[in-house]
Amino acid sequence: MLEIKCPYCGKRSQNEFSYGGDASVKRPALEKEISDKEWDDFVYFRKNPRGKHLELWHHVSGCRQWFKVSRDTTTHEIHETSKINEEL
Amino acid sequence: MQKYSIFSLIKNAFTNHENWEVAWKDPEPKKEYDVVIVGGGGHGLATAYYLAKEHKITNVAILEKGWIGGGNVGRNTTILRSNYMWDANGLFYEYGMKLWENLSQELNYNVMYSPRGIINLAHSDAQLNTYSRRGNSMRLNGIDAVMLGKDELKKMIPFADFSSSARFPIFGGLMQPRGGTARHDAVAWGYARQADSMGVDIIQHCEVTGFEVQEGKVKSIQTSRGNIKTKKVGLCVAGSTSLLADKLNMKLPIESHVLQACVSEPVKPFLDHVVTFGAGHFYCSQSDKGEMVMGGDLDGYNSYAQRGNLPTLQHVLSEGVAMFPNLSRLKMLRTWGGIMDMSMDGSPIIDKTHIEGIYLNCGWCYGGFKATPVSGWTFAYTIAQDHPHDLNSKFKLNRFSSGHLIDEKGVGTKTWIG
């Protein structure tokens, strides 16, 4: 069982959360011309690292806030969590 | 190579089975090969076998970081099927079913192919409609499919919960009678033995650490046991594909996720078919030893750990109990996890890459085991002929850019849901 520290509610068990994928993926800026390649990279292509992974989680059965988690994909250790607008 | 038969079995019984030939050798890597396959799992071993058999390319090495058959080919729920709706998948996996049907004879190794039928249960009228659409699509592609009513199902799987108080009542089901199971280890060992006998070097405990690429062409491959020159490299490393692609500065439409499976204590014959739950994600069959073999959802977050967490297992098994209430009385014997190479549309990639001589075989999601023969067959063709076969021509890497996705389940790019 993972224990995840929601930045709003504190430490809760994994059952209360759902996963939202790689948090380092950035949508191309709206105001500039977007090439097909940039769009593909955003939608489909992932770094998929072994080790430290920055990801989004949703406290779906709690405060319903999205937030960021830094987690190890090999050991499942959670290093730190932060609000969505904070740097990790 | 010594042929396995009833006569060789009797002959060896006289010497207490101490004089059997080794099934495959343990060679030192040579300086150069025509083709190097990275990954000694089912797909890698099958690729090497078909390179030798179909294309007469025998100067081939398989490099395996651990031991052959220790990854996903030893970690699956052994299910075989071709019950897909889209042409690209249906025709591909159906060719695979035809290879499975003759595999024991072809490899002279009993892979225990058991066409016991796979049943997908439907729990609503709408789901029955969807299944009949899929069944019709399958039949148009020459794949066997039968719709089953509740009364027929009661005779076939009497222990399922047919009561009106069931949380998800059973309305009917879709069956592929030729679907079934095979013995996973035997598949790896059978391919390894035949590939070895045709001259393929199976090199275990040899990790790939890098690639030498010059002017867009692969020149050699760096390993923990020295450099190996080669012009063609086939990657068959499932959940580790992104890690090797990273060494080639490639990013892929793949995420690695852990999928768990488990077996119960052995019991008397209880379930004759492979059965899947339609109101969630759960599939089970009974092994020849009597264990219930069960699996379901991914753990749901990126992972390279070959082990999972209990909440997912609890969720999956509660689906099993909803379907077969008396499963709740069984003790679990073992659980394990494997790393799935989840592609962004749920379908595989068997293709060339922008680097000449680098070939890619990945994106198998949950379904790699059943594809073992056809994946090896088409990948060997792609490597030998330097272009894809018709059967894998839709499994292109650039389909994500061109928009030709093969999204059988239509769940989008949330790979951990699919």
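Residue numbering restarts at 1 for every chain, and letters A, B, ... go by the order of the sequence lines. Everything numeric in this text was worked out from a predicted model, so none of it was measured.
When each of A:Val43, A:Asp40, A:Asp41 is tested with B:Ser401 by the rule side-chain contact (heavy atoms from CB on, under 4.5 Å), just one qualifies, namely A:Asp40.
The contact between B:Asn302 and chain A is made by backbone and side chain atoms together, counting heavy-atom distances below 4.5 Å. For B:Leu313, no part lies near chain A; criterion is any non-hydrogen pair under 4.5 Å. In this structure, the portion of B:Leu243 lying under 4.5 Å from any heavy atom of chain A is its side chain and not its backbone. With a 4.5 angstrom heavy-atom cutoff, B:Ser303 touches chain A via backbone and side-chain atoms both. Contact annotation for A:Trp39: neither backbone nor side-chain heavy atoms come within less than 4.5 Å of a heavy atom of chain B. Residue contact with chain B, scored on non-hydrogen atoms closer than 4.5 Å, is absent for A:Asp36.
Other residues, nucleotides and ligands contribute more than 12 heavy atoms inside 6.0 Å of the NZ atom of B:Lys251. In B:Arg225, the CZ atom is crowded: over 12 heavy atoms of neighbouring residues, nucleotides or ligands sit closer than 6.0 Å. The environment of CD in B:Glu212 is crowded: more than 12 heavy-atom neighbours from other residues, nucleotides or ligands sit within 6.0 Å. Environment of CH2 in B:Trp336: crowded, with over 12 heavy atoms of neighbouring residues, nucleotides or ligands closer than 6.0 Å. Atom CD of A:Glu33 has 12 or fewer heavy atoms from other residues, nucleotides or ligands within 6.0 Å. Annotation for A:Trp66: atom CH2 counts as buried by contact number, over 12 foreign heavy atoms lying within 6.0 Å. For A:Lys68, the NZ atom is densely surrounded, since the number of other residues' heavy atoms within 6.0 Å is greater than 12. Other residues, nucleotides and ligands contribute over 12 non-hydrogen atoms within 6.0 Å of the NE2 atom of A:His79.
The distance from the CZ atom of B:Arg307 to the NE2 atom of A:His76 is 6.5 Å, given to the nearest 0.5 Å. How far CZ of A:Phe42 is from OG1 of B:Thr413: 8.5 Å, rounded to the nearest 0.5 Å. The structure places OH of A:Tyr44 at 13.0 Å from OG1 of B:Thr415, a figure rounded to the nearest 0.5 Å. Atom-to-atom distance recorded for B:Tyr301:OH and A:Gln14:CD is 5.0 Å, nearest 0.5 angstrom.
Contact detail for A:Met1 and B:Pro311: the closest heavy-atom pair is SD-CG, 3.4 Å. Closest approach of A:Thr74 and B:Ala305 over heavy atoms only: O-CB, 3.2 Å.
Contact of the B:Leu252 side chain with the A:Asn48 side chain is not registered, since no non-hydrogen atoms from C-beta on lie closer than 4.5 Å.
When atom types are taken as modelled, the side chain of A:Arg50 and the backbone of B:Ser240 share no donor-acceptor pair closer than 3.5 angstrom.
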